Amino acid sequence: MQDSFGREIDYLRVSVTDRCNFRCIYCMPEDGYPVAPKSELLTFEEIARVVHLCADMGTTKVRITGGEPLIRKDLPELVSQIRSHSGICDISATTNAHLLAQNAQKLKSAGLNRINISLDTLDEQKFATIARRGSIRTVLEGIEAAQQAGLEPIKINCVLMKGVNDDELVDFARWTLRAPIHVRFIELMPIRWNLDETDSFTSLSELSGGRGLFQLRISQDEGMLSDSQMRRMFVPFEQAKRTIENEFGKLIPFDLPTNGPAHTYKIEKAEGSIGFISQISADLCARCNRIRLTADGQLRPCLMSDGELDLRTPMRTGATNDELKQLIRHVILHKPERHYLADGQKVMGRGMSQIGG
Ligand code: SAM
Ligand code: SF4
């Protein structure tokens, strides 16, 4: 179905949990956010009901996300429930891959088409400083398992941060030369605008007993980067692209059918590709085709705006499919034309792991 600005809304992102086994410094505080009680999380049947109603209204693509989606027990069961609607032609997932090695084949068998894996560094020590849980070894094992299971194309989501991992651009690019890996550099988004620099900050390398490889200052209260730090760590994509081109020569524009909003390129003769995704620049809004279902059953028309509509309560108090479709239509018709971050808009409500990135 089309929204009020003529955009075809055919993509639903489904968060299955707000919990996570990592604590990425740009996403979650060290102690995590308060989590929704289990009783408030949608059951698989409730999620599948919403997905199927959206599919009746034109949704063809679904991405399962979180929090960390693989924390949710029996996730393949949800994939097969979603798959049972003939209108859904593409099911993907975004994961930190910590639990992927043991789940990749089961997910594929249940009907998952492909997977995005978040990995911001290829350096073990930096990994410990950024993700603060897990290990790079389990992530790499997860990637290998996904390849073996045929969950392709495999995309690597790498959030680019000046002074943290921008020195690894060439290493990530080199990876695409020898493997069918599609690296997507993602712009750092100051999604929780509740931290400011009047808070007291502690150096992360102090916190990690001096093992940190770089100076990162983390809010003592919130245990994550502040929004102004995130803004300062911004790396313009033209600059990132130039760094890669200086090493490998001019990048060739490359079209992958599942590209989404990324601007994608290839190094000549590479097996994989390199893409840049800039959610902050408002030009993406004109092509935005998605809405989001949070793990606690709120339907959200825009990542960067706090507005959302409760579907869980109506579902649990006997709403009919037609009534639910009216609510879904309402959300789509109230999808904002664009975000207004440049005009001072702030996203105050949920963090990224609570929305479903
Ligand atoms: N836990 C899973 C994972 O990390 O892949 C799925 C959920 S996570 C919220 C989805 C994506 O959002 C990840 O690729 C992560 O890097 C990205 N993300 C989280 N916070 C972000 C931020 N402040 N700016 C840019 N990307 C962010
Ligand atoms: Fe967890 Fe993903 Fe957020 Fe990292 S980005 S803390 S893995 S939800």
Side-chain angles (χ1 to χ4, degrees), residues 13-33 35 63-72 75 92-100 103 114-121 127-136 138-139 142-143 146 151 154-162 164-165 172 182-195 218 222-235 237 260-262 275-281 284 290 292-295 300 303-304 339 341 346-347 350-357:
R13 288 204 173 208
V14 175
S15 172
V16 293
T17 179
D18 56 350
R19 291 159 205 253
C20 188
N21 42 11
F22 284 9
R23 293 286 184 273
C24 302
I25 48 173
Y26 46 75
C27 179
M28 269 185 135
E30 170 79 61
D31 295 334
Y33 288 123
V35 290
R63 174 172 296 277
I64 297 170
T65 182
E68 173 45 43
L70 295 182
I71 282 187
R72 187 88 186 240
L75 193 66
S92 56
T94 302
T95 172
N96 63 28
H98 188 64
L99 299 170
L100 188 55
N103 280 299
R114 58 199 178 86
I115 203 140
N116 283 25
I117 293 164
S118 302
L119 181 60
D120 302 323
T121 177
F127 184 94
T129 310
I130 297 170
R132 299 188 284 187
R133 301 281 194 280
S135 76
I136 195 165
T138 51
V139 176
I143 294 172
L151 285 169
I154 294 176
K155 293 185 191 163
I156 303 295
N157 288 359
C158 175
V159 176
L160 212 47
M161 293 169 273
K162 191 189 288 174
V164 176
N165 61 356
F172 274 104
H182 303 274
V183 179
R184 300 289 174 260
F185 295 108
I186 299 177
E187 206 167 83
L188 187 59
M189 290 179 283
I191 195 97
R192 268 305 277 279
W193 294 59
N194 56 350
L195 301 176
I218 297 287
E222 298 277 350
M224 62 186 286
L225 299 177
S226 75
D227 58 275
S228 34
Q229 276 177 306
M230 294 200 219
R231 284 154 175 265
R232 284 201 299 272
M233 288 173 158
F234 173 76
V235 181
F237 285 134
F276 302 96
I277 303 179
S278 163
Q279 289 100 327
I280 296 293
S281 63
L284 270 194
R290 60 196 63 175
R292 291 178 151 82
L293 180 65
T294 66
R300 186 170 170 119
L303 175 65
M304 310 280 192
H339 66 70
L341 296 180
K346 296 182 182 220
V347 186
R350 295 168 183 258
M352 191 72 137
S353 60
Q354 297 165 314
I355 300 170

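All values derive from a computational prediction rather than experimental measurement. Numbering of ligands and ligand atoms starts at 1, following listing order.
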### Query
For ligand 1, which atoms sit closer than 4.0 Å to a heavy atom of Thr65?
6 (C), 7 (C)
### Query
Just heavy atoms, cut-off under 4.0 Å: does Val159 contact ligand 1 by side chain, backbone, both, or neither?
side chain
### Message
Has Asp120 got a side-chain atom pairing as donor or acceptor with Val159's backbone, closer than 3.5 angstrom?
### Response
yes
### Message
For the backbone of Gly356 and the side chain of Arg292, can you confirm whether one donor and one acceptor N or O come within less than 3.5 Å of each other?
### Response
yes
### Task
Would you confirm whether Arg350, through its side chain, and Ser353, through its main-chain N or O, come within 3.5 Å as a donor-acceptor pair?
no
### Message
Within the 4.5 Å heavy-atom criterion, are Val139 and Phe127 side-chain neighbours or not?
### Response
yes
### Task
Pull out every atom of ligand 2 sitting under 4.0 Å from any heavy atom of Cys20, numbered as shown with elements.
1 (Fe), 6 (S), 7 (S), 8 (S)
### Query
Nearest protein heavy atom to atom 25 (C) of ligand 1, by residue and atom, and its distance?
Glu187 O, 3.4 Å
### Task
Flag the pair Phe276 / Leu160 as yes when at least one side-chain heavy-atom distance between them is below 4.5 Å, and no otherwise.
no
### Task
Given side chain to side chain contact (heavy atoms under 4.5 Å, CB included), test Ile130 with Phe22 step by step and report yes or no.
CA-CA 9 Å; Ile130 297 170; Phe22 284 9; over 6 Å; no
#### Entry: Cys24 and ligand 2 - part of the residue with a heavy-atom distance under 4.0 Å
both
### Query
For ligand 1, which atoms, with element, lie under 4.0 Å from some heavy atom of Glu68?
1 (N), 2 (C)
### Task
Of all the heavy-atom pairs spanning Gly134 and His98, show the shortest one and how long it is.
CA-CE1, 3.7 Å
### Query
For ligand 1, which atoms sit closer than 4.0 Å to a heavy atom of Asn96?
2 (C), 3 (C), 5 (O)
### Message
If the cut-off is 4.0 Å to any non-hydrogen atom of Asn157, which atoms of ligand 1 fall inside it?
### Response
14 (O)
### Query
Counting N and O atoms only, with roles assigned by atom type, does the side chain of Arg63 sit under 3.5 Å from a partner on the main chain of Ala93, one being a donor and the other an acceptor?
yes
### Task
Taking the side chain as every heavy atom from C-beta outward, state whether Met233 and Leu225 have any pair of such atoms under 4.5 Å apart.
yes
### Closest protein heavy atom to atom 13 (C) of ligand 1, given as residue, atom name and distance to 0.1 Å
Ser118 OG, 3.2 Å
### Nearest-contact summary for atom 21 (C) of ligand 1 - protein heavy atom, Å
Tyr26 CD1, 3.5 Å
### Query
Quick one: nearest non-hydrogen protein atom to atom 17 (C) of ligand 1, plus distance?
Met352 CE, 4.2 Å
### Summary
Note: ligand 1 atoms sitting under 4.0 Å from heavy atoms of Gly67 are 1 (N), 2 (C), 6 (C), 7 (C)
#### Entry: Asp120-ligand 1 polar pair, N/O distance under 3.5 Å
no
### Task
Among all protein heavy atoms, pick out the one at the shortest distance from atom 3 (Fe) of ligand 2; state its residue, atom name and that distance to 0.1 Å.
Cys27 SG, 2.4 Å
### Query
Side chains of Thr95 and Glu68: do they bring a donor and an acceptor to under 3.5 Å?
yes
### Query
Backbone N or O of Arg23 within a donor-acceptor pair of the Arg132 side chain at under 3.5 Å?
yes
### Task
Mind checking whether Thr95 contacts ligand 1 via backbone (N, CA, C, O), side chain (CB onward), both or neither, at a 4.0 Å heavy-atom cut-off?
backbone
### Message
Give me the residue, atom name and distance of the protein heavy atom closest to atom 8 (S) of ligand 1.
### Response
Gly66 O, 4.5 Å
### Message
Among all the protein's non-hydrogen atoms, which is closest to atom 24 (N) of ligand 1, and how far away is it?
### Response
Met189 N, 2.8 Å
